[in-house]
Amino acid sequence: MSILESINSPKDLKKLNIDELEQLCCEIREFMIDTVSKTGGHLSSNLGVVELTVALHKVFNSPTDQIVFDVGHQCYTHKILTGRKNEFSTLRQEDGISGFTRPVESEHDIFSSGHSSTSVSECIGLAKAKQIKGDKGKVIAVIGDGALTGGLAYEALNNAGNINSNLVVILNDNNMSISPNVGSMAKNLTTIRTSPKYVTFKSKIQRWLAKIPRIGNQICRTFTLINTKIRKRVYNATFFEDMGFRYYGPIDGHDIDALIDVLNVAKAHSHSVLIHINTVKGKGYEPAEKNPTLFHGIGKFDRKTGIPVGAQKVSAKNFSSAFGETMCKFAEKDSRICCVTAAMAEGTGLVDFSKKYPKRFFDVGIAEQHAVTFSSGLAKNGMVPVFAVYSTFLQRSYDQLIHDIAMQNLKVVLAIDRAGFVGEDGESHQGIFDTAFINSVVGMTIFAPTYYDELEAMFYDGIYKTKGAVAIRYPRGSELFKPDGYRYDHKPYEIFGNESSRICIVTYGREFSNCAEALNELGDVMLIKLNKIKPIDLSVIDLIINCSSVLFFEEGIKSGGIGESFGDALLKSHFVGEYKHICVNDEFVKQAPVSRQMQKYGLDKESVIKEVQNAKGE
């Protein structure tokens with residue numbers, strides 16, 4: 001029997017020796033690769049933290065000791081070790097386990113985590129609550145070097161270092177090898193300092209010195225000062241110690257023996273500790289090691305070759321690539337065009353732009369708030385910045401949208417990718433909130449293309465024909481059904497079907513394709529496609545004011561969404577017919593294929609047909 005088969009909870013790790021733990025890590029990697037090849041998921045980051053996660057559960061006692069992963073997508077080994085091994089085949093599947101940490105799944109998952117840079121803030125709160133209540137246990141934040149580019153992480157570190165607490169921060173550095181300025185002396189010093197015997201001896205000496213009358217405490221402070229100065233000279237970089245942490249590292253993140261030693265040292269401390277480890281993304285699976293970006297978030301793939309299933313379809317044109325092509329085309333003719341991204345150059349389709357126009361391309365790291373305010377500075381001095389960002393991550397920049405862009409009346413363009421349902425990434429990643437919160441921002445204009453040619457034309461309208469800030473939102477993946485002969489004519493809305501019908505469908509964005517397909521089977525219905533969804537062109541209200549039933553289909557949240565604004569405009573025009581808003585009503589959208597999500601929320605073609613038939617009384 002394999003070792004993994006005998007592991008059903010973290011308690012089962014306690015009895016294993018180092019050789020057995022190393023074997024367990026190998027088995028977990030094989031199990032993980034095999035499963036993710038069938039389900040898709042975040043593979044490269046998870047392969048990099050196998051030893052770390054095993055060591056954490058060997059040394060600490062979850063959930064009394066609380067482990068918070070940042071971002072939660074590096075939690076696969078954690079899930080396997082905490083009782084979800086037998087459910088792991090349902091990873092990211094509808095009604096299965098999430099690809100992120102979720103407290104509803106297990107007491108070992110402390111927070112739902114899908115966005116980065118939050119762990120240290122959360123853990124300070126957890127640690128202080130434990131202190132106040134007198135609860136036992138450490139609190140451990142596992143944060144990657146990518147997440148450490150987010151400003152929230154530094155706000156938390158600034159707050160955490162000088163608080164004597166039971167906090168341990170583990171910096172998982174997987175983007176570089178050990179720094180050149182860390183030589184053999186520093187490595188030897190790290191080995192000594194992470195020895196449990198050294199820590200015990202040091203503590204005894206400090207307690208003994210402190211007992212010396214009058215001068216004991218002064219001697220302790222002097223030795224601490226000398227110790228700090230020596231470390232500064234040896235490491236040549238003590239950023240974290242300057243912030244008040246006890247720093248240990250760099251440690252080989254794949255040496256489980258060394259990891260266990262340093263974690264035991266951290267466990268014994270009564271002060272905030274930061275452990276710096278180096279890991280390799282994709283560790284143990286050659287295709288993922290060679291191309292960690294591809295395997296960061298990948299669909300199903302051939303386990304032997306690492307080639308994605310349906311690779312030709314994956315490389316086909318999509319909205320992200322259409323956006324990238326559009327920006328290259330505009331930048332060739334307009335030297336003011338700049339593109340900004342928050343560590344998502346590949347995901348947002350800007351790789352070619354970054355190569356062709358490197359002086360006008362800015363990747364600011366996982367720092368969406370900074371990206372928006374940085375864009376405001378570009379705009380103030382005459383550039384035209386286009387910030388490409390996933391809908392779910394733009395949520396983090398709400399204050400900056402209001403204060404630094406809208407209030408300043410600046411021309412900044414938001415290219416909002418992954419708007420609407422995104423499928424298997426689950427609650428934290430669905431792009432269903434952007435219309436609602438941008439809808440409240442004064443002076444913003446929002447366009448919603450359904451097709452690639454519309455996307456290019458709407459960016460032209462947004463940049464050159466619209467005053468103030470502009471948001472252009474488009475879905476994940478490829479364009480869907482398109483009515484024969486349809487071409488965007490730079491109008492705020494388009495009318496299809498029977499303009500004199502008493503039944504009217506109103507929609508925008510990707511959902512228009514489903515409604516247009518339904519129209520082919522419905523016949524006597526008017527369909528209105530909104531192209532500019534904020535502000536709504538009120539002339540459209542005059543067209544439908546005498547309808548008996550208006551159905552607004554929206555791939556987004558109800559409260560504050562475009563459908564609510566449209567209904568308000570109807571009400572103010574004394575509309576007396578029936579108005580129905582079909583959308584997501586006050587809930588988070590769980591993981592499932594996009595097609596199933598459309599069906600669940602009444603937005604697929606069949607649901608549109610059924611709603612219209614009900615309105616007709618059929």
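Heavy atoms only: backbone and side chains are in, while hydrogens, waters and symmetry mates are out.
- Here F69 contributes atom CZ and L52 contributes atom CG; the two are 7.0 Å apart, rounded to the nearest 0.5 Å.
- With E555 as the fixed residue, the salt bridge (Lys or Arg N to Asp or Glu O under 4.0 Å) test singles out one of K600, R510, R476: R510.
- Around NZ of K267, the count of heavy atoms belonging to other residues, nucleotides or ligands within 6.0 Å exceeds 12.
- Here E30 pairs with R303 in a salt bridge; the nearest charged N to carboxylate O distance falls below 4.0 Å.
- Every residue two or more places apart in sequence or in another chain that forms a side chain to side chain donor-acceptor pair (under 3.5 Å) with N61 is listed here: K14.
- Put simply, the side chain of L263 reaches to within 4.5 Å of the side chain of I275, judged on heavy atoms.
- E606 pairs by the side chain to side chain contact (heavy atoms under 4.5 Å, CB included) definition with D604, not counting sequence neighbours.
- Using modelled atom types, one finds a donor on one side chain and an acceptor on the other under 3.5 Å when comparing K128 with Q131.
- You'll find the side chain of I124 reaches within 4.5 Å of the side chain of N159, heavy atoms only.
- A salt bridge is defined here as a Lys NZ or Arg NE, NH1 or NH2 lying under 4.0 Å from an Asp or Glu carboxylate O, and K304 with D302 fails to meet this definition.
- Within the 4.5 Å cutoff, no side-chain heavy atoms of D65 are placed close to those of V139.
- The closest donor-acceptor contact from the side chain of Q591 to the backbone of D95 lies at 3.5 Å or more, if one exists at all.
- To the nearest 0.5 Å, the span separating CD1 on I110 from OG on S119 amounts to 12.5 Å.
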Steps toward side-chain contact (heavy atoms from CB on, under 4.5 Å) verdict (T348, Y390): CA-CA 8 Å; T348 58; Y390 289 5; 3.9 Å; yes

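- Between R102 and E427 there is a salt bridge, since a side-chain N of the basic residue sits under 4.0 Å from a carboxylate O of the acidic one.
- Under the rule for a side chain to side chain donor-acceptor pair (under 3.5 Å), S98 has no partner lying at least two apart in sequence or in another chain.
- Side-chain contact between V36 and F295: absent, with no pair of heavy atoms (C-beta onward) separated by less than 4.5 Å.
- Side chain of D145 to main chain of D173: no donor-acceptor pair is present (N/O by atom type, distance under 3.5 Å, no hydrogens or angles).
- Among residues two or more places apart in sequence or in another chain, the side chain to side chain donor-acceptor pair (under 3.5 Å) test is passed with R473 by D434.
- Using a 30° and 60° split on the angle between ring planes, Y76 and F88 fall in the perpendicular class, above 60°.
- A salt bridge is defined here as a Lys NZ or Arg NE, NH1 or NH2 lying under 4.0 Å from an Asp or Glu carboxylate O, and D109 with R84 meets this definition.
- With hydrogens and angles disregarded, a donor-acceptor distance shorter than 3.5 Å links the side chain of Q430 to the backbone of G426.
- Taking 4.5 Å as the limit, some side-chain heavy atom of S62 sits within range of a side-chain heavy atom of H57.
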Checking salt bridge (Lys or Arg N to Asp or Glu O under 4.0 Å) for the pair E105/K79: CA distance, chi angles, key distance, verdict? CA-CA 9 Å; E105 289 181 10; K79 292 198 175 212; 2.8 Å; yes

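- H254 places a side-chain N or O within donor-acceptor distance of the main-chain N or O of V280, the cut-off being under 3.5 Å.
- Checked for salt-bridge contact, K590 and E94 miss the test: no charged N lies under 4.0 Å from a carboxylate O.
- The aromatic rings of Y248 and H269 are tilted relative to each other, their planes meeting at an angle between 30° and 60°.
- Between the side chain of Y601 and the backbone N or O of V589 there is no donor-acceptor pair closer than 3.5 Å.
- Between the side chain of Q597 and the backbone N or O of G423, at least one donor-acceptor pair lies under 3.5 Å.
- Taking a 6.0 Å sphere around CG of N17, one finds it holds more than 12 heavy atoms contributed by other residues, nucleotides or ligands.
- Shown here are the side chain to side chain donor-acceptor pair (under 3.5 Å) partners of R92, two or more places apart in sequence or in another chain: D425.
- The stretch residues 289-301 participates, sequence neighbours left out, in these side chain to side chain donor-acceptor pair (under 3.5 Å) pairs: E286-K290.
- The two residues V54 and L13 have their closest heavy-atom pair at O-CD1, 3.8 Å.
- Side-chain contact between Y474 and D417: present, with at least one pair of heavy atoms (C-beta onward) separated by less than 4.5 Å.
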